[in-house]
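A quick write-up on the structure given underneath.
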Amino acid sequence: MLYPFAVGPDAQLLARTGGGVIWVAALLAAILPLEKLVAGDLEAGMFDQLHLRGISEEMTMAVRLLAHWLAFAPLLLLATLPAAALLGLDGQTTRTVVLGLLAGTPGLAAVGLAVAALTASLRGGAALAGLMVIPLAVPILIFGAGSLARPDPEALLLTGAISLALCAVSPFAAGAAIKAAREG
Amino acid sequence: MQAHLVATDIACRRGDRLLFRGLSLPGRSGDAYHITGANGIGKSSLIRILAGLLRPFAGTVEREGAMGLVDDRLALDANHSLGDALAFWQKLDGCTNPGRALEVLQLLPLMDVPVRYLSTGQKKRAALARLLNRRCPIWLLDEPLNGLDADAQKAFETLIALHCSGGGIAIVASHQPIALPSPRTIDLAGYAA
(Lines give C-alpha, C1' and ligand atoms only; values in the text may rest on other atoms or scores of the structure.)
Protein backbone atom coordinates (compact mmCIF):
# COMPACT_ATOMS: atom_id res chain seq x y z
CA MET A 1 0.00 0.00 0.00
CA LEU A 2 2.99 2.27 0.51
CA TYR A 3 4.05 1.69 -3.07
CA PRO A 4 1.92 4.43 -4.72
CA PHE A 5 3.15 6.95 -2.15
CA ALA A 6 6.74 6.03 -2.85
CA VAL A 7 6.55 5.88 -6.64
CA GLY A 8 4.39 8.94 -7.16
CA PRO A 9 1.03 9.56 -8.79
CA ASP A 10 1.81 8.27 -12.27
CA ALA A 11 -1.48 6.48 -12.95
CA GLN A 12 -0.21 4.57 -15.97
CA LEU A 13 2.88 3.24 -14.22
CA LEU A 14 0.89 2.29 -11.13
CA ALA A 15 -1.75 0.46 -13.13
CA ARG A 16 0.87 -1.42 -15.11
CA THR A 17 2.99 -2.53 -12.13
CA GLY A 18 0.31 -2.62 -9.42
CA GLY A 19 -0.70 -6.26 -9.82
CA GLY A 20 2.88 -7.43 -9.55
CA VAL A 21 3.42 -5.32 -6.45
CA ILE A 22 0.43 -6.96 -4.78
CA TRP A 23 1.98 -10.33 -5.56
CA VAL A 24 5.27 -9.34 -3.96
CA ALA A 25 3.29 -8.19 -0.92
CA ALA A 26 1.66 -11.63 -0.80
CA LEU A 27 5.05 -13.30 -0.76
CA LEU A 28 6.23 -11.05 2.06
CA ALA A 29 3.06 -11.73 4.03
CA ALA A 30 3.71 -15.46 3.68
CA ILE A 31 7.31 -15.13 4.87
CA LEU A 32 6.76 -12.88 7.89
CA PRO A 33 5.21 -15.45 10.29
CA LEU A 34 7.64 -18.26 9.41
CA GLU A 35 9.88 -17.61 12.40
CA LYS A 36 7.15 -18.54 14.86
CA LEU A 37 5.38 -21.12 12.74
CA VAL A 38 7.25 -24.24 13.86
CA ALA A 39 10.37 -23.40 15.88
CA GLY A 40 8.65 -22.36 19.12
CA ASP A 41 6.50 -25.47 19.35
CA LEU A 42 9.40 -27.70 18.40
CA GLU A 43 11.45 -26.28 21.24
CA ALA A 44 8.56 -26.57 23.68
CA GLY A 45 8.19 -30.27 22.92
CA MET A 46 4.68 -29.80 21.54
CA PHE A 47 5.24 -32.22 18.64
CA ASP A 48 6.68 -34.86 20.99
CA GLN A 49 3.55 -34.79 23.15
CA LEU A 50 1.34 -34.97 20.05
CA HIS A 51 3.39 -37.89 18.74
CA LEU A 52 2.84 -39.79 22.02
CA ARG A 53 -0.89 -39.32 21.51
CA GLY A 54 -0.68 -41.04 18.14
CA ILE A 55 -1.04 -37.86 16.09
CA SER A 56 1.49 -38.07 13.28
CA GLU A 57 3.78 -35.21 12.38
CA GLU A 58 2.29 -35.15 8.88
CA MET A 59 -1.18 -34.59 10.32
CA THR A 60 0.08 -31.86 12.63
CA MET A 61 1.79 -30.15 9.73
CA ALA A 62 -1.25 -30.39 7.47
CA VAL A 63 -3.33 -28.62 10.12
CA ARG A 64 -0.59 -26.07 10.59
CA LEU A 65 -0.56 -25.44 6.84
CA LEU A 66 -4.23 -24.58 6.97
CA ALA A 67 -3.70 -22.36 10.01
CA HIS A 68 -0.79 -20.55 8.36
CA TRP A 69 -2.84 -19.89 5.24
CA LEU A 70 -5.82 -18.65 7.26
CA ALA A 71 -3.54 -16.30 9.18
CA PHE A 72 -2.33 -14.32 6.20
CA ALA A 73 -4.32 -15.06 3.04
CA PRO A 74 -7.87 -13.90 3.86
CA LEU A 75 -6.55 -10.63 5.27
CA LEU A 76 -4.36 -10.18 2.23
CA LEU A 77 -7.30 -10.75 -0.11
CA LEU A 78 -9.25 -8.16 1.83
CA ALA A 79 -6.38 -5.70 1.69
CA THR A 80 -6.12 -6.24 -2.07
CA LEU A 81 -9.29 -4.22 -2.61
CA PRO A 82 -8.12 -0.91 -1.05
CA ALA A 83 -4.69 -1.53 -2.56
CA ALA A 84 -6.27 -1.93 -6.00
CA ALA A 85 -8.06 1.38 -5.52
CA LEU A 86 -4.84 3.12 -4.49
CA LEU A 87 -2.97 1.65 -7.45
CA GLY A 88 -5.77 2.52 -9.85
CA LEU A 89 -6.28 -1.05 -11.12
CA ASP A 90 -9.37 -1.60 -13.27
CA GLY A 91 -12.07 -4.13 -12.39
CA GLN A 92 -10.78 -6.84 -14.71
CA THR A 93 -7.21 -6.67 -13.37
CA THR A 94 -8.41 -6.60 -9.76
CA ARG A 95 -10.44 -9.71 -10.40
CA THR A 96 -7.47 -11.48 -11.96
CA VAL A 97 -5.26 -10.50 -9.01
CA VAL A 98 -7.78 -11.76 -6.45
CA LEU A 99 -8.33 -15.03 -8.31
CA GLY A 100 -4.59 -15.43 -8.76
CA LEU A 101 -3.97 -14.86 -5.05
CA LEU A 102 -6.67 -17.39 -4.20
CA ALA A 103 -4.89 -19.90 -6.40
CA GLY A 104 -1.36 -19.00 -5.38
CA THR A 105 -1.40 -18.27 -1.64
CA PRO A 106 -1.92 -21.92 -0.58
CA GLY A 107 1.26 -22.74 -2.49
CA LEU A 108 3.14 -19.89 -0.80
CA ALA A 109 1.91 -21.17 2.58
CA ALA A 110 3.02 -24.71 1.70
CA VAL A 111 6.53 -23.62 0.72
CA GLY A 112 6.74 -21.49 3.86
CA LEU A 113 5.69 -24.33 6.15
CA ALA A 114 8.15 -26.83 4.70
CA VAL A 115 11.00 -24.36 4.93
CA ALA A 116 10.02 -23.26 8.46
CA ALA A 117 10.06 -26.90 9.60
CA LEU A 118 13.41 -27.54 7.91
CA THR A 119 15.06 -24.56 9.57
CA ALA A 120 13.26 -24.78 12.93
CA SER A 121 16.07 -26.48 14.78
CA LEU A 122 18.81 -24.23 13.38
CA ARG A 123 20.14 -21.13 14.99
CA GLY A 124 19.21 -18.11 12.90
CA GLY A 125 16.74 -20.35 11.08
CA ALA A 126 14.32 -17.51 10.41
CA ALA A 127 16.79 -15.55 8.31
CA LEU A 128 17.65 -18.69 6.39
CA ALA A 129 13.96 -19.50 5.94
CA GLY A 130 13.36 -16.17 4.20
CA LEU A 131 16.22 -16.85 1.80
CA MET A 132 15.07 -20.40 1.08
CA VAL A 133 11.43 -19.53 0.44
CA ILE A 134 12.12 -16.97 -2.25
CA PRO A 135 13.56 -19.27 -4.98
CA LEU A 136 10.93 -21.93 -4.21
CA ALA A 137 8.16 -19.37 -4.52
CA VAL A 138 9.35 -18.08 -7.89
CA PRO A 139 7.18 -20.43 -10.04
CA ILE A 140 4.03 -19.33 -8.23
CA LEU A 141 5.06 -15.72 -8.57
CA ILE A 142 5.83 -16.04 -12.28
CA PHE A 143 2.55 -17.71 -13.19
CA GLY A 144 0.45 -15.80 -10.65
CA ALA A 145 1.70 -12.38 -11.64
CA GLY A 146 2.00 -13.56 -15.24
CA SER A 147 -1.75 -14.13 -15.35
CA LEU A 148 -2.10 -10.35 -15.33
CA ALA A 149 -0.33 -10.04 -18.67
CA ARG A 150 -2.46 -12.57 -20.56
CA PRO A 151 -6.21 -12.54 -20.99
CA ASP A 152 -6.66 -16.33 -20.91
CA PRO A 153 -7.05 -18.34 -17.71
CA GLU A 154 -4.20 -20.82 -18.32
CA ALA A 155 -1.73 -19.01 -16.08
CA LEU A 156 -4.27 -18.97 -13.24
CA LEU A 157 -4.91 -22.68 -13.68
CA LEU A 158 -1.19 -23.39 -13.70
CA THR A 159 -0.76 -21.34 -10.52
CA GLY A 160 -3.51 -23.39 -8.90
CA ALA A 161 -1.89 -26.61 -10.06
CA ILE A 162 1.50 -25.66 -8.59
CA SER A 163 -0.26 -24.69 -5.36
CA LEU A 164 -2.06 -28.02 -5.11
CA ALA A 165 1.11 -29.97 -5.74
CA LEU A 166 2.99 -27.99 -3.10
CA CYS A 167 0.15 -28.39 -0.58
CA ALA A 168 0.20 -32.14 -1.16
CA VAL A 169 3.96 -32.46 -0.63
CA SER A 170 4.51 -29.89 2.10
CA PRO A 171 3.01 -31.71 5.14
CA PHE A 172 5.16 -34.77 4.39
CA ALA A 173 8.30 -32.73 3.89
CA ALA A 174 7.63 -30.72 7.05
CA GLY A 175 6.77 -33.87 9.02
CA ALA A 176 10.01 -35.51 7.93
CA ALA A 177 11.89 -32.38 8.97
CA ILE A 178 10.34 -32.52 12.46
CA LYS A 179 11.33 -36.18 12.82
CA ALA A 180 14.84 -35.43 11.60
CA ALA A 181 15.13 -32.60 14.12
CA ARG A 182 14.54 -35.12 16.95
CA GLU A 183 17.46 -37.24 15.87
CA GLY A 184 19.80 -34.26 15.65
CA MET B 1 -4.75 -51.75 33.68
CA GLN B 2 -2.67 -54.13 31.55
CA ALA B 3 0.39 -52.69 29.90
CA HIS B 4 3.91 -53.56 29.08
CA LEU B 5 6.99 -51.81 27.83
CA VAL B 6 9.76 -54.19 26.98
CA ALA B 7 13.07 -52.96 25.66
CA THR B 8 15.45 -55.65 24.48
CA ASP B 9 19.18 -55.23 24.06
CA ILE B 10 19.03 -51.61 23.00
CA ALA B 11 21.96 -49.39 22.18
CA CYS B 12 21.94 -45.65 21.76
CA ARG B 13 24.17 -43.58 19.56
CA ARG B 14 24.22 -39.80 19.55
CA GLY B 15 26.32 -38.29 16.81
CA ASP B 16 29.35 -40.55 16.55
CA ARG B 17 29.31 -41.51 20.23
CA LEU B 18 27.88 -44.79 21.46
CA LEU B 19 26.25 -43.89 24.79
CA PHE B 20 25.19 -47.29 26.06
CA ARG B 21 24.52 -50.77 24.71
CA GLY B 22 23.07 -54.12 25.67
CA LEU B 23 20.39 -52.58 27.86
CA SER B 24 17.21 -54.55 28.46
CA LEU B 25 14.23 -53.33 30.42
CA PRO B 26 11.34 -55.76 30.86
CA GLY B 27 8.61 -53.39 32.07
CA ARG B 28 5.45 -55.14 33.23
CA SER B 29 2.34 -53.85 34.97
CA GLY B 30 3.15 -52.49 38.40
CA ASP B 31 6.88 -52.07 37.80
CA ALA B 32 8.83 -49.00 38.81
CA TYR B 33 12.27 -48.38 37.33
CA HIS B 34 14.78 -45.83 38.50
CA ILE B 35 17.35 -44.99 35.83
CA THR B 36 20.47 -43.43 37.28
CA GLY B 37 23.81 -42.26 35.98
CA ALA B 38 25.99 -39.22 35.58
CA ASN B 39 25.09 -36.25 33.39
CA GLY B 40 25.35 -36.97 29.69
CA ILE B 41 25.34 -40.74 30.09
CA GLY B 42 22.11 -41.09 28.13
CA LYS B 43 19.24 -41.07 30.66
CA SER B 44 17.14 -38.65 28.62
CA SER B 45 17.99 -40.45 25.39
CA LEU B 46 16.85 -43.74 26.93
CA ILE B 47 13.54 -42.16 27.97
CA ARG B 48 13.09 -40.79 24.45
CA ILE B 49 13.90 -44.18 22.92
CA LEU B 50 11.32 -45.83 25.18
CA ALA B 51 8.81 -43.13 24.17
CA GLY B 52 9.44 -43.86 20.50
CA LEU B 53 10.76 -40.37 19.85
CA LEU B 54 14.26 -41.57 19.11
CA ARG B 55 15.27 -44.64 17.13
CA PRO B 56 17.53 -47.00 19.05
CA PHE B 57 20.84 -47.69 17.33
CA ALA B 58 20.22 -51.38 17.98
CA GLY B 59 17.58 -53.46 19.71
CA THR B 60 13.81 -53.26 19.88
CA VAL B 61 11.18 -51.66 22.07
CA GLU B 62 7.75 -53.26 22.37
CA ARG B 63 4.92 -51.32 23.92
CA GLU B 64 1.35 -51.95 24.77
CA GLY B 65 -0.65 -49.20 26.39
CA ALA B 66 -0.67 -45.43 26.12
CA MET B 67 2.39 -43.50 27.23
CA GLY B 68 2.72 -40.21 29.02
CA LEU B 69 5.97 -38.25 29.00
CA VAL B 70 7.20 -35.56 31.36
CA ASP B 71 10.56 -34.06 30.46
CA ASP B 72 12.18 -30.66 30.70
CA ARG B 73 10.06 -29.34 27.88
CA LEU B 74 6.71 -28.07 29.00
CA ALA B 75 4.66 -28.15 25.77
CA LEU B 76 2.22 -25.61 27.19
CA ASP B 77 1.54 -22.39 25.32
CA ALA B 78 3.46 -19.74 27.27
CA ASN B 79 1.02 -16.97 26.39
CA HIS B 80 -2.14 -18.73 27.53
CA SER B 81 -3.36 -19.04 31.07
CA LEU B 82 -2.48 -22.32 32.75
CA GLY B 83 -6.12 -23.39 32.67
CA ASP B 84 -6.44 -22.86 28.91
CA ALA B 85 -3.06 -24.42 28.15
CA LEU B 86 -3.94 -27.56 30.13
CA ALA B 87 -7.45 -27.63 28.66
CA PHE B 88 -5.95 -28.09 25.19
CA TRP B 89 -4.37 -31.39 26.27
CA GLN B 90 -7.35 -32.43 28.37
CA LYS B 91 -9.52 -32.21 25.27
CA LEU B 92 -7.03 -34.29 23.29
CA ASP B 93 -6.79 -36.85 26.07
CA GLY B 94 -10.56 -36.96 26.53
CA CYS B 95 -10.27 -36.03 30.20
CA THR B 96 -13.59 -34.90 31.61
CA ASN B 97 -12.67 -34.49 35.26
CA PRO B 98 -9.33 -32.71 35.54
CA GLY B 99 -10.04 -31.16 38.94
CA ARG B 100 -8.69 -33.95 41.13
CA ALA B 101 -5.17 -33.87 39.69
CA LEU B 102 -5.08 -30.08 39.86
CA GLU B 103 -6.09 -30.22 43.51
CA VAL B 104 -3.48 -32.81 44.45
CA LEU B 105 -0.76 -30.78 42.74
CA GLN B 106 -2.10 -27.52 44.23
CA LEU B 107 -2.54 -25.88 40.86
CA LEU B 108 -6.09 -24.62 41.32
CA PRO B 109 -5.06 -21.11 42.51
CA LEU B 110 -2.81 -20.76 39.45
CA MET B 111 -5.32 -21.54 36.73
CA ASP B 112 -5.66 -17.90 35.59
CA VAL B 113 -1.93 -17.18 35.60
CA PRO B 114 -0.24 -17.07 32.18
CA VAL B 115 2.14 -20.01 31.79
CA ARG B 116 5.16 -17.74 31.23
CA TYR B 117 4.78 -16.28 34.76
CA LEU B 118 4.96 -19.68 36.49
CA SER B 119 8.04 -20.67 38.46
CA THR B 120 10.13 -23.73 37.57
CA GLY B 121 8.42 -25.88 40.17
CA GLN B 122 4.96 -24.68 39.21
CA LYS B 123 5.67 -25.50 35.56
CA LYS B 124 6.82 -28.96 36.55
CA ARG B 125 3.62 -29.48 38.54
CA ALA B 126 1.60 -28.37 35.50
CA ALA B 127 3.37 -30.98 33.35
CA LEU B 128 2.64 -33.62 36.02
CA ALA B 129 -1.03 -32.58 36.04
CA ARG B 130 -1.17 -33.19 32.30
CA LEU B 131 0.38 -36.63 32.87
CA LEU B 132 -2.17 -37.52 35.58
CA ASN B 133 -5.11 -36.36 33.48
CA ARG B 134 -3.93 -38.41 30.55
CA ARG B 135 -4.69 -41.52 32.64
CA CYS B 136 -2.23 -43.64 30.72
CA PRO B 137 -0.63 -46.83 32.05
CA ILE B 138 2.97 -46.05 31.09
CA TRP B 139 4.70 -43.09 32.71
CA LEU B 140 8.03 -41.94 31.29
CA LEU B 141 9.56 -39.35 33.57
CA ASP B 142 12.76 -37.48 32.84
CA GLU B 143 14.00 -35.70 35.95
CA PRO B 144 10.48 -35.19 37.32
CA LEU B 145 11.71 -33.87 40.65
CA ASN B 146 13.63 -30.91 39.21
CA GLY B 147 12.30 -27.74 40.74
CA LEU B 148 9.77 -29.43 43.02
CA ASP B 149 9.83 -28.49 46.70
CA ALA B 150 9.95 -31.14 49.44
CA ASP B 151 6.16 -31.33 49.87
CA ALA B 152 5.52 -31.63 46.15
CA GLN B 153 8.21 -34.31 45.91
CA LYS B 154 6.51 -36.33 48.64
CA ALA B 155 3.12 -35.90 46.99
CA PHE B 156 4.51 -37.00 43.66
CA GLU B 157 6.21 -40.07 45.14
CA THR B 158 2.83 -41.05 46.57
CA LEU B 159 1.24 -40.56 43.16
CA ILE B 160 3.80 -42.88 41.55
CA ALA B 161 3.15 -45.51 44.22
CA LEU B 162 -0.60 -45.28 43.57
CA HIS B 163 -0.01 -45.49 39.83
CA CYS B 164 2.09 -48.65 40.13
CA SER B 165 -0.24 -50.34 42.59
CA GLY B 166 -2.99 -49.72 40.05
CA GLY B 167 -1.06 -51.71 37.47
CA GLY B 168 0.81 -48.84 35.84
CA ILE B 169 4.44 -48.74 34.82
CA ALA B 170 6.68 -45.87 35.93
CA ILE B 171 10.12 -45.33 34.45
CA VAL B 172 11.95 -42.51 36.15
CA ALA B 173 15.26 -41.11 35.01
CA SER B 174 16.64 -39.05 37.84
CA HIS B 175 19.98 -38.29 39.39
CA GLN B 176 18.21 -37.48 42.65
CA PRO B 177 17.12 -40.13 45.11
CA ILE B 178 13.43 -40.82 44.70
CA ALA B 179 11.24 -43.15 46.75
CA LEU B 180 9.65 -45.63 44.36
CA PRO B 181 7.60 -48.72 45.25
CA SER B 182 10.00 -51.71 45.07
CA PRO B 183 12.19 -49.96 42.52
CA ARG B 184 14.48 -51.72 40.10
CA THR B 185 17.45 -49.52 39.60
CA ILE B 186 19.23 -49.38 36.27
CA ASP B 187 22.59 -47.70 36.51
CA LEU B 188 23.52 -46.66 32.99
CA ALA B 189 27.21 -46.64 33.93
CA GLY B 190 27.03 -50.45 33.79
CA TYR B 191 26.03 -50.32 30.13
CA ALA B 192 28.34 -47.58 28.96
CA ALA B 193 30.09 -48.44 25.76
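Hydrogens, waters and symmetry mates play no part in the numbers below; they use all other heavy atoms, side chains included. Chain A is the first sequence line, chain B the second, and so forth, proteins listed ahead of strands; every chain is numbered from 1. All figures in this text were calculated on a predicted structure; none of them were measured in a lab.
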Could you tell me if the side chain of Leu92(B) sits less than 4.5 Å from the side chain of Ile55(A), heavy atoms only? yes

Check this for me: Glu43(A), atom CD, are more than 12 non-hydrogen atoms of other residues, nucleotides or ligands nearer than 6.0 Å? no

Examine distances only and state if a side-chain atom of Arg14(B) and a backbone atom of Glu183(A) form a donor-acceptor pair shorter than 3.5 Å. yes

With rounding to the nearest 0.5 Å, note down the distance linking CZ in Arg134(B) to CG in Leu52(A). 6.5 Å

Taking all non-hydrogen atoms of both residues into account, name the closest pair between Arg182(A) and Leu54(B) and its distance. O-CD1, 3.5 Å

Quick check on Arg48(B) against chain A: is it the side chain, the backbone, both or neither that has a heavy atom closer than 4.5 Å? side chain

Does atom CG of Asn97(B) have more than 12 heavy-atom neighbours from other groups under 6.0 Å away? yes

Between Gln49(A) and Arg73(B), does the side chain to side chain contact (heavy atoms under 4.5 Å, CB included) criterion hold? Intermediate values first, please. CA-CA 10 Å; Gln49(A) 293 287 345; Arg73(B) 295 189 296 174; over 6 Å; no

A quick test of your reading: do over 12 heavy atoms of other residues, nucleotides or ligands sit less than 6.0 Å from CD of Gln90(B)? yes

Would the number of heavy atoms belonging to other residues, nucleotides or ligands and lying under 6.0 Å from CZ of Phe88(B) be above 12? yes

Where does Ile178(A) contact chain B at under 4.5 Å (heavy atoms): side chain, backbone, both or neither? neither

Determine whether Phe47(A) and Leu53(B) make a side-chain contact, defined as any pair of heavy atoms from C-beta on separated by less than 4.5 Å. no

Below 4.5 Å from any heavy atom of chain A, which atoms of Ala66(B) appear? Answer side chain, backbone, both or neither. neither

In terms of heavy-atom contacts, does CD of Glu154(A) have more than 12 from other residues, nucleotides or ligands at under 6.0 Å? yes

Is it possible for you to say whether Leu141(A) and Leu156(A) belong to one hydrophobic cluster, with membership spreading through side-chain heavy-atom contacts below 4.5 Å? no

Does Tyr33(B) belong to the same Ile/Leu/Val/Met/Phe/Trp/Tyr cluster as Leu162(B), with side-chain heavy atoms less than 4.5 Å apart forming each link? no

Heavy-atom count around Arg116(B) CZ within 6.0 Å, excluding the residue itself: above 12? yes

Nearest 0.5 Å please: distance from the CZ atom of Arg53(A) over to the CG atom of Leu69(B). 9.0 Å

Atom group of Asp93(B) that falls short of 4.5 Å from chain A, counting heavy atoms: side chain

